[in-house]
Amino acid sequence: MRLILLGPPGAGKGTQAQRLVRKYGIVQLSTGDMLRAAVKAGTPVGRRVKDIMETGKLCPDDLVVDIVADRIEQPDAGKGFILDGFPRTTAQAQALDRMLAERGLKLDAVIELNVDPAVLCDRIASRNAQAKARGEALRSDDDPEILKRRLEAYWNQTVPLIDYYRSRRVLKTVDGMAPIETVANAVEDALDGAR
Ligand code: ADP
């Protein structure tokens, strides 16, 4: 099973991805996590993206595409994967199409978690408060000003992908405002229809 989870920051992609990982035995590939790990480890890629990420802008397409191409070659991705946070631009989506075609693979579904922009900031604010209560450090890009920039990047650069995948007939839209369980069930129904 090869899936894309599409949705703005705070839409619940990570939560839903974890459930799908358990259910289907596939891996979750989060470009955000991979890039944060690179920054933390101080790799050449990490040094290139640190400032970009901290301002809430998108990292260069070629760099992110290379990271994903390497990652899907790993043996643990053999059974399939969920892409979380990738693709985020039309150029990335086209690169992914090429990557999959070269390997004789195809996407089973693209799941769009549809949420009201007004609730996103509230959700992220409460995610921040919970992390703080657990004594964890906040993600520096969860700062409200930077979050605004991440949302702008989403509306401007990622929303066009919804049409891109709709026209390829792989798009499934799920109401991301419902409780977690309800969203999870809707995602499963959408996937049952996709196979
Ligand atoms: P979000 O919580 O907004 O879904 P992520 O954890 O997926 O955020 O990503 C955090 C940051 O990492 C983004 O703001 C961006 O700078 C960078 N990033 C992650 N994925 C991509 C991508 N596919 N293309 C470009 N930049 C990316």
Side-chain angles (χ1 to χ4, degrees), residues 1-34 58 61 64-65 67-69 71-72 74 76-124 127 150-195:
M1 170 97 70
R2 279 169 289 273
L3 306 173
I4 294 175
L5 274 179
L6 210 59
K13 299 188 294 290
T15 307
Q16 296 301 329
Q18 280 169 17
R19 300 176 73 108
L20 295 167
V21 163
R22 283 196 299 272
K23 177 155 188 216
Y24 296 105
I26 52 183
V27 289
Q28 174 191 5
L29 307 184
S30 158
T31 44
D33 287 349
M34 292 188 248
L58 292 186
D61 286 330
V64 183
V65 165
I67 291 182
V68 173
R71 187 61 188 85
I72 65 174
Q74 305 297 314
D76 64 347
K79 266 193 176 173
F81 47 76
I82 304 171
L83 293 170
D84 163 4
F86 180 92
R88 255 178 160 92
T89 63
T90 307
Q92 291 180 14
Q94 288 163 342
L96 176 64
D97 283 346
R98 283 195 298 274
M99 237 184 262
L100 293 174
E102 276 165 15
R103 293 167 176 79
L105 303 175
K106 69 174 202 46
L107 284 174
D108 293 286
V110 177
I111 298 175
E112 179 208 358
L113 294 180
N114 190 4
V115 290
D116 177 346
V119 296
L120 289 174
C121 293
D122 292 348
R123 273 197 185 177
I124 293 179
R127 178 165 93 185
R150 284 161 58 208
L151 285 169
E152 268 166 30
Y154 181 76
W155 305 125
N156 295 332
Q157 288 168 274
T158 309
V159 163
L161 295 185
I162 294 172
D163 279 337
Y164 180 89
Y165 287 119
R166 186 180 289 126
S167 69
R168 282 162 176 72
R169 300 180 184 283
V170 287
L171 186 78
K172 311 273 171 191
T173 299
V174 166
D175 174 12
M177 312 276 291
I180 291 177
E181 283 300 323
T182 314
V183 177
N185 290 335
V187 168
E188 283 178 21
D189 288 349
L191 292 179
D192 285 341
R195 284 173 307 153

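No experiment lies behind these values; they were computed from the predicted model shown.
Put simply, the side chain of Ile124 reaches to within 4.5 Å of the side chain of Pro9, judged on heavy atoms. In this structure, Leu6 and Ile162 have side chains that are in contact, with non-hydrogen atoms separated by less than 4.5 Å. Between Leu191 and Leu3, the closest side-chain pair of non-hydrogen atoms falls below 4.5 Å. Contact annotation: the side chain of Ile82 never approaches that of Tyr24 to less than 4.5 Å [non-hydrogen atoms, C-beta and beyond]. Annotation: side chain of Leu107 is in contact with side chain of Tyr165 (closest heavy-atom distance under 4.5 Å). Between Leu161 and Ile4, every side-chain heavy-atom pair lies at or beyond the 4.5 Å cut-off. Side-chain atoms of Val68 and Pro87, non-hydrogen and from C-beta on, never get closer than 4.5 Å to each other.
Rounding to the nearest 0.5 angstrom, the gap separating the CD atom in Gln18 from the CG atom in Leu20 is 10.0 Å. Once rounded to the nearest 0.5 Å, the distance linking CG of Leu96 with CD1 of Ile72 reads 6.5 Å. Distance check: Leu58 CG to Gln157 CD gives 4.5 Å after rounding to the nearest 0.5 Å. The distance from the CD1 atom of Ile111 to the CG atom of Leu83 is 11.5 Å, given to the nearest 0.5 Å.
For Asn156, there are no side-chain hydrogen bond (donor to acceptor under 3.5 Å, both in side chains) partners two or more places apart in sequence or in a different chain. Evaluation of the side-chain hydrogen bond (donor to acceptor under 3.5 Å, both in side chains) rule for Arg123 yields no partner, not counting sequence neighbours. By the salt bridge (charged side-chain N to carboxylate O under 4.0 Å, His left out) test, Glu152 pairs with no residue at all, sequence neighbours left out. By the salt bridge (charged side-chain N to carboxylate O under 4.0 Å, His left out) test, Asp122 is found to be paired with no residue, residues two or more places apart in sequence or in another chain being considered. Residues passing the side chain to side chain contact (heavy atoms under 4.5 Å, CB included) test with Asp33, sequence neighbours excluded: Ser30, Arg36. Every residue two or more places apart in sequence or in another chain that forms a side chain to side chain contact (heavy atoms under 4.5 Å, CB included) with Gln74 is listed here: Arg71, Asp76. Listed by chain and number, the residues in a salt bridge (charged side-chain N to carboxylate O under 4.0 Å, His left out) with Arg127 are Asp142 (sequence neighbours excluded). Legend: residues meeting side-chain hydrogen bond (donor to acceptor under 3.5 Å, both in side chains) with Thr158, ordered by chain and number and at least two apart, are absent.
Minimum interatomic distance between Asp61 and Gln92 (heavy atoms only, all atoms of both residues): OD1-NE2, 2.9 Å. Here the shortest heavy-atom pairing between Gln16 and Ala184 reads OE1-CA, 3.2 Å. Contact record, Ser167 with Tyr164: OG-O, 2.9 Å, taken as the closest heavy-atom pair.
Judged as a salt bridge (charged side-chain N to carboxylate O under 4.0 Å, His left out), not a single pair has a partner in residues 80-94 (not counting sequence neighbours). Note on residues 95-105: pairs passing salt bridge (charged side-chain N to carboxylate O under 4.0 Å, His left out), not counting sequence neighbours, are Glu73-Arg103, Asp97-Arg168.
Put simply, the side chain of Arg2 gets close to the backbone of Lys106: a donor and an acceptor are under 3.5 Å apart. Using a distance-only test at 3.5 Å, with no hydrogens or angles considered, a donor-acceptor pair links the side chain of Lys13 to the main chain of Pro8.
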| said: Between Phe86 and Val65, is the side chain to side chain contact (heavy atoms under 4.5 Å, CB included) condition met? List the steps. | reply: CA-CA 9 Å; Phe86 180 92; Val65 165; 4.2 Å; yes
Acceptor/donor pairs from residues 173-181 side chains to any protein atom, 3.5 angstrom cut, sequence neighbours excluded:
from: Thr173; atom 1: OG1; to: Glu112; atom 2: OE1; distance (Å): 2.8
from: Asp175; atom 1: OD1; to: Met177; atom 2: N; distance (Å): 2.9
from: Glu181; atom 1: OE1; to: Arg19; atom 2: NH2; distance (Å): 3.3
from: Glu181; atom 1: OE2; to: Arg19; atom 2: NH1; distance (Å): 3.3
from: Glu181; atom 1: OE2; to: Arg19; atom 2: NH2; distance (Å): 3.2

